[in-house]
Chemist: 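Following this message is one structure expressed as structure tokens.
As the structure lists them, so they are numbered: ligands from 1, and atoms in each ligand from 1.
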Amino acid sequence: MNKIRIATRKSPLALWQAYHVRDTLQGIYPQLSLEIVEMTTKGDKILDAPLAKIGGKGLFVKELEQGLLENSVDIAVHSMKDVPIEFPDGLHLPVIMRREDPFDAFVSNTYAHFSDLPQGAIVGTSSLRRQCQLLALRPDLQIRTLRGNVGTRLSKLDNGEYQAIVLAVSGLKRLGLENRIRYAFNADELLPAIGQGALGIECRADDVETNQLIAVLNDPETHQRVIAERMINTRLGGSCQVPIGGFAEIIGDEMSVRGLVADVAGQQILRAQAIGDIDKASLLGELVAQQLLTQGAKQLLQALTET
Ligand SMILES: NCc1[nH]cc(CCC(=O)O)c1CC(=O)O
């Protein structure tokens with residue numbers, strides 16, 4: 001049997017995710033040889049600027065994709081939230097694993113719930129999606145930049161730079177930091193990022209053996225949900241970091257897809273929802289995008305890139 005070289009970023013969360021894929025594959029194929037290859041991406045090097053300013057999310061995957069194209073690695077493990085809509089020629093993403101909790105967590109050493117925050121409290125996040133929705137709930141809050149990996153962000157909170165911060169529940173759980181979660185926002189309060197909580201595996205489209213080996217890791221339900229969510233981004237042209245949220249869930253035998261676009265101040269929030277057959281995931285995503293466009297999503301997003 002062949003060997004699979006697994007490309008990953010070096011952050012503790014990325015490493016956890018890569019080892020999770022390795023251990024799962026090893027459990028299924030005890031004979032398979034698996035190797036973890038750690039790489040540094042541009043997004044890991046530039047830590048002082050908000051992601052939106054330095055070119056968006058592709059920054060965390062480009063070097064891994066380069067490794068795949070050069071045949072120095074065979075698969076790349078990504079947080080779906082960080083994966084751009086377009087793949088380079090020759091690469092594809094056939095596997096999306098079972099989703100962790102997709103929601104955002106309120107993390108604070110003093111306050112149990114965001115409604116307990118005092119007037120004008122300082123909240124750390126560099127995500128425009130989190131920023132605009134937090135401000136819609138609490139216009140008095142002061143949102144301050146917060147970058148770095150999960151551990152760095154928590155130490156900045158502990159140093160007293162912020163009264164609270166917001167992080168993905170999934171990342172905290174994977175790192176064994178669930179005890180830091182004071183409160184998990186629901187989808188009405190803070191619609192998650194497209195793909196949040198789901199891991200994807202990218203590989204060369206023509207690498208038949210690898211494609212066959214990793215296929216068992218795909219979770220069809222999560223895959224359909226993430227396809228629906230990513231279609232919103234595709235139709236809105238949200239390739240770089242913009243205040244867009246998207247969340248698909250299966251309710252009974254139907255799929256519900258919700259989307260959100262806002263201005264960074266959270267003064268104008270557009271929301272849309274579509275419900276229908278589970279096997280119509282991309283169509284539902286398109287319907288949501290369509291409704292958002294009708295409400296003026298393009299103008300909102302354009303105003304943002306001009307400022
Ligand atoms: N922006 C970094 C990032 N990319 C993916 C996750 C969480 C893990 C996931 O979505 O699966 C995080 C950390 C966070 O947002 O708190």
Chemist: Under a single-linkage rule joining Ile, Leu, Val, Met, Phe, Trp and Tyr whose side-chain heavy atoms are separated by less than 4.5 Å, which residues share a cluster with Ile251?
Modeler: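 Noted: Ile251 shares its cluster with no other residue.
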Chemist: Do the ring planes of Phe185 and Tyr183 sit parallel (below 30°), tilted (30 to 60°) or perpendicular (above 60°)?
Modeler: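 Phe185 vs Tyr183 ring planes: perpendicular.
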Chemist: State the atoms of ligand 1, each with its element, that fall below the 4.0 Å cut-off from a heavy-atom position in Ser170.
Modeler: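 Once the distances to Ser170 are compared, the set is 7 (C), 8 (C), 9 (C), 10 (O), 11 (O).
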Chemist: Pull out every atom of ligand 1 sitting under 4.0 Å from any heavy atom of Arg130, numbered as shown with elements.
Modeler: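 Those qualifying, in numeric order: 14 (C), 15 (O), 16 (O).
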Chemist: Could you work out, for atom 2 (C) of ligand 1, the closest of Arg153, Arg147, Met97 by heavy-atom distance?
Modeler: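 That would be Arg153.
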Chemist: Number the atoms of ligand 1 from 1 as they appear, then name those within less than 4.0 Å of a heavy atom of Asp82, with their elements.
Modeler: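 Close to Asp82: 4 (N), 5 (C).
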Chemist: Is Arg174 in contact with ligand 1, taking contact as a heavy-atom separation below 4.0 Å?
Modeler: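 Distance cut 4.0 Å: Arg174 passes for ligand 1.
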Chemist: Quick one: which ligand 1 atoms are inside 4.0 Å of a heavy atom on Ala168?
Modeler: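 Reading through ligand 1 atom by atom, the close ones are 7 (C), 14 (C), 15 (O), 16 (O).
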Chemist: Mind checking the CD-CE spacing from Gln66 to Met39? Nearest 0.5 Å is all I need.
Modeler: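 Here the rounded value is 9.0 Å.
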Chemist: Within the 4.0 Å heavy-atom shell around Leu167, which atoms of ligand 1 are there?
Modeler: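 Under 4.0 Å from Leu167, ligand 1 has these atoms: 16 (O).
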Chemist: Roughly how far apart are Leu300 CG and Leu270 CG, rounded to 0.5 Å?
Modeler: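 Nearest 0.5 Å value for the CG-CG distance: 5.0 Å.
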Chemist: Could you check whether any side-chain heavy atom of Gln133 comes within less than 4.5 Å of a side-chain heavy atom of Val166, counting everything from C-beta outward?
Modeler: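 They are not in side-chain contact.
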Chemist: Which atoms of ligand 1 are found less than 4.0 Å from any heavy atom of Gly197?
Modeler: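 Those qualifying, in numeric order: 9 (C), 10 (O), 11 (O).
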Chemist: Do Leu199 and Met80 come close enough that some side-chain heavy atom pair is under 4.5 Å?
Modeler: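 Heavy-atom side-chain distance check fails, nothing below 4.5 Å.
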Chemist: Can you list everything that forms a side-chain hydrogen bond (donor to acceptor under 3.5 Å, both in side chains) with Gln295? Sequence neighbours excluded, please.
Modeler: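 Testing Gln295 for side-chain hydrogen bond (donor to acceptor under 3.5 Å, both in side chains), a comparison that skips the adjacent residues, returns none.
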Chemist: So is there a nitrogen or oxygen of Gln196 less than 3.5 Å from a nitrogen or oxygen in ligand 1?
Modeler: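 The answer is no, given that Gln196 and ligand 1 share no N or O pair closer than 3.5 Å.
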